[in-house]
Amino acid sequence: MTGGSLGLRTSSYGSLQQQFQNGFLQATQASPVLLRKPSKMLLSSSREKERLLPLICRYVGRRRVAMLLLVVLALLVFVFGSFTVNKESNISLHIGSMTPYRSDFPVFSNPLEVENSLLFSSGDKNSSGQNSSRGNDQSRSLSIPPPATITTPRDVIRSTPRLGHQCENFTLPPPPPPGSKKIGPRPCEVCYLPVEDAIASMPSSPSKSPVLRNLTYVHDENPIKTETHGGSDFGGYPSMKQRNESFDIKESMTVHCGFVKGSKPGDQSGFDIDQADLMELEQFHEVIVASAIFGNYDNIQQPRNISEAARKNIPFYMFIDEKTEAAMKNSSDLDSSKKFGFWRIIVVRNIPYSDPRRNGKVPKLLLHRIFPNVRYSIWIDGKLQLVVDPYQILERFLWRENANIAISRHYKRYDVFVEAEANKNAGKFDNASIDYQIDFYRREENLTAYNESKLPITSDVPEGCVIVKEHIPITNLFTCLWFNEVDRFTPRDQLSFSTVRDKIMSKVSWSINMFEDCERRNFVIQDYHKGVTKPPPRPRPVGPVIRHPPPLPRSIPIVRSPIVRSPVKKSNRRKGERRSGQKRHRKVIAGSRDNNSF
């Protein structure tokens, strides 16, 4: 290709630059340069743009068109935001709701955790110590790991953050604004670890009990009542002096804790249990779940969403009295196997109290006496249905929080005095007994209304239908002394909870994990007692609602419409003619000069 031919291609900028570089500028100037005329299409398009731009500016300036454009822009932003949220939710956290998530679902908060989990699960022997230990934990079977497999001290394990923890950045959603509509207590989101990770996080050794190391219990075959108020044969009638001394925490202590009679709890002690059942209750278990129904007061609720590991290793015990047993046999719910779904039925005879609610406090607060060889227990009231795996509950409310006992706070009330008045208004117990208990705490224990000086304690009133507990001396002492208050005063354990807690906390460095009530409602569903029906839904109004117009003000005269009479026969008169004898009446018009009524 020659230089002259390049010069003829004026539309190619590369050819012109090559000519300048090769020194052919003079030759190109001398030769005629052929310029390509702009096409008609380009001219027409430019003219259309010149015409269209003022037209667009004219219409955009109008209010309706501007509003329409804003609406379209808002819709585009909303669709794009929804797409982004849905895309991010695919790798979001494993958040619990009313229906818990599957325990085997892999949950990661970001892609880096997926890579870390793959490294951990590979079980590489040559990796670092932390990675290799995590891989060994995940490669184990679903059964509870034996204590010998973990050699690191428990405090070091709990204080060292685990790499790739799915719930480390999770926080509870903020409460609704004060002006929002009240919808009552509802469950909230809870972040649970998968069951395999929850089992792997179980401590290998018991927690350290502050100060108290050895706790024994009073045994008395012939308890004598020395004071006029409170107590029972089952509780041993502890005197006021013995009660006060039980709050003086020492390394070794002996306290009243029910079952004062008999050779062991359940054997001729009141709250008696068959020998075959006693032998089973004395077996070692890492975790148990327990509940009770007395007086045929509730329907047994079957747990849901229980993992294979929990089905294999965690027994579920339901304590019932003879009245409930008879009702179950009549309905063919109980046979010789003593199994009802998940629950192993334990029949209790010779119950110590006439009040079924007070009998229910025996297994609720004294599980460590009935199960002497158990590490962890989860108590739920008989009206509740468990819907989350027990391992996940223990990990979330005990092991993750470095706590040894957890109980939810009341959803609404946090002051003991307010709770006492609510109990009296609802007829929960005899009002005089409630007043006596509160006056005693105010006079002898300096009970005051809850205030900010108690922080970080956030409530004095628990929702005591669920207790998650590690069986160590200090927690066993707490539930013993709590039961003694229930035995001495009223069975409303919400009234005595804060007094026992505060007196122990004043002696030793120890606390209770009081979590939100909405978190409790996430893993248990509450049913109604027998004989109590659900409130019917509000009836909707039938037919249209008739709205009468407002009355007219007095300053406006009222013009009454003429009375409609029955139709008369059509006459043969022409239009405009009057009948003979008809008088012409003057029409009254509002605001006329003749209207003198105002």
Side-chain angles (χ1 to χ4, degrees), residues 175-176 178 180-188 229-230 294-295 297-298 353 355-361 364-365 379-384 406-455 457-467 479 481-503 512 514-521 524-535:
S180 62
K181 183 180 179 181
K182 296 181 179 180
I183 59 175
R186 293 291 187 273
C188 58
H229 185 80
F294 294 105
Y297 203 56
D298 295 294
Y353 303 104
D355 185 2
R357 294 171 296 181
R358 201 187 290 268
N359 287 319
K361 301 301 186 291
K364 175 180 179 178
L365 302 178
W379 166 267
I380 62 174
D381 280 0
K383 61 184 177 181
L384 300 180
I407 188 172
S408 66
R409 66 184 74 134
H410 197 276
Y411 76 95
K412 183 178 181 181
R413 295 183 288 273
Y414 51 86
D415 184 82
V416 178
F417 296 98
V418 178
E419 176 67 18
E421 291 301 320
N423 276 258
K424 292 193 296 183
N425 294 335
K428 296 293 185 179
F429 203 71
D430 177 60
N431 289 3
S433 301
I434 294 177
D435 290 337
Y436 178 86
Q437 182 176 3
I438 297 301
D439 291 341
F440 176 85
Y441 289 156
R442 182 192 293 110
R443 184 178 64 256
E444 301 294 334
E445 305 296 348
N446 297 321
L447 177 66
T448 59
Y450 178 83
N451 52 70
E452 294 182 355
S453 64
K454 279 198 167 186
L455 292 174
I457 296 174
T458 55
S459 176
D460 285 344
V461 181
E463 187 68 59
C465 55
V466 173
I467 300 177
T479 52
L481 302 185
W482 192 7
F483 174 80
N484 291 342
E485 297 297 292
V486 171
D487 182 60
R488 175 182 291 271
F489 297 107
T490 67
R492 307 306 300 170
D493 49 17
Q494 297 92 336
L495 303 179
S496 53
F497 168 82
S498 63
T499 296
V500 179
R501 178 201 62 189
D502 295 347
K503 288 177 74 68
I512 299 176
M514 295 192 70
F515 54 92
E516 295 284 349
D517 179 71
C518 67
E519 296 178 289
R520 174 191 66 84
R521 294 176 184 271
V524 290
I525 298 177
Q526 182 170 326
D527 194 14
Y528 288 85
H529 296 296
K530 282 186 177 181
V532 179
T533 57
K534 296 182 180 181

Kindly give the heavy-atom pair with the smallest separation between Pro491 and Val486, and that separation in Å.
-> CA-CG1, 3.7 Å

Enumerate the residue pairs fulfilling salt bridge (charged side-chain N to carboxylate O under 4.0 Å, His left out) with a member in residues 428-438, sequence neighbours excluded, ordered by first and then second residue.
-> Lys424-Asp435

Kindly confirm or rule out a cation-pi arrangement of Arg521 over Tyr411, judged by NZ or CZ under 6.0 Å from the six-membered ring centre and within 45° of its axis?
-> yes

For Tyr441, side chain to side chain donor-acceptor pair (under 3.5 Å) partners two or more places apart = Gln437, Glu485

So CD1 of Ile512 and OG of Ser498: to nearest 0.5 Å the spacing works out to 10.0 Å

Worked check of side-chain hydrogen bond (donor to acceptor under 3.5 Å, both in side chains) between Asn423 and Glu419 = CA-CA 6 Å; Asn423 276 258; Glu419 176 67 18; 2.9 Å; yes

Test side chain to side chain donor-acceptor pair (under 3.5 Å) applied to Asn451 - qualifying residues, sequence neighbours left out | Ser453

Are Val416 and Phe497 side-chain neighbours, meaning at least one heavy-atom pair lies under 4.5 Å?
-> no

Are any non-hydrogen side-chain atoms of Ile467 and Leu365 less than 4.5 angstrom apart?
-> yes

Among all residues two or more places apart in sequence or in another chain, which pass the salt bridge (Lys or Arg N to Asp or Glu O under 4.0 Å) test with Glu516?
-> Arg409

In Å and rounded to the nearest 0.5 Å, what is the CG to CG distance from Leu481 to Asp487?
-> 12.5 Å

What pairs with Asp493 under salt bridge (Lys or Arg N to Asp or Glu O under 4.0 Å), at least two apart in sequence or on another chain?
-> Lys364

With Asp381 via side chain to side chain donor-acceptor pair (under 3.5 Å) - residues at least two apart | Trp379

Disulfide (SG to SG under 2.5 Å) with Cys518: which residues, sequence neighbours excluded?
-> Cys188

What residues, two or more places apart in sequence or in another chain, satisfy salt bridge (Lys or Arg N to Asp or Glu O under 4.0 Å) together with Arg357?
-> Asp355

Using ring-ring contact (aromatic ring centres under 6.0 Å, His included) as the criterion, list what pairs up with Tyr450, not counting sequence neighbours.
-> Tyr414

Using side chain to side chain donor-acceptor pair (under 3.5 Å) as the criterion, list what pairs up with Asn431, not counting sequence neighbours.
-> none

Nearest heavy-atom neighbours spanning Pro462 and Gln494 = O-CG, 3.4 Å

Does NZ or CZ of Arg358 fall inside the cone over Tyr353's six-membered ring, less than 6.0 Å from its centre and within 45° of the axis?
-> yes

Qualifying salt bridge (charged side-chain N to carboxylate O under 4.0 Å, His left out) pairs with a residue from residues 442-452, counting only residues at least two apart or across chains = Arg243-Glu445, Asp439-Arg442, Glu445-Lys503

Heavy-atom closest contact (Gly464 atom, Ile407 atom, distance) | CA-CD1, 3.9 Å

Check salt bridge (Lys or Arg N to Asp or Glu O under 4.0 Å) between Lys454 and all other residues, then give those that pass, not counting sequence neighbours.
-> Asp460, Asp502

Got a second to check how far Leu447's CG is from Ser496's OG, nearest 0.5 Å?
-> 11.0 Å

Would you find a donor on one side and an acceptor on the other, under 3.5 Å apart, between the side chain of Ser433 and the backbone of Thr490?
-> no

Taking C-beta and beyond as the side chain, do Tyr436 and His229 meet within less than 4.5 Å on heavy atoms?
-> yes

Considering non-hydrogen atoms only, spot the tightest contact between Ile438 and Ala420 and give its length.
-> CG1-CB, 3.7 Å

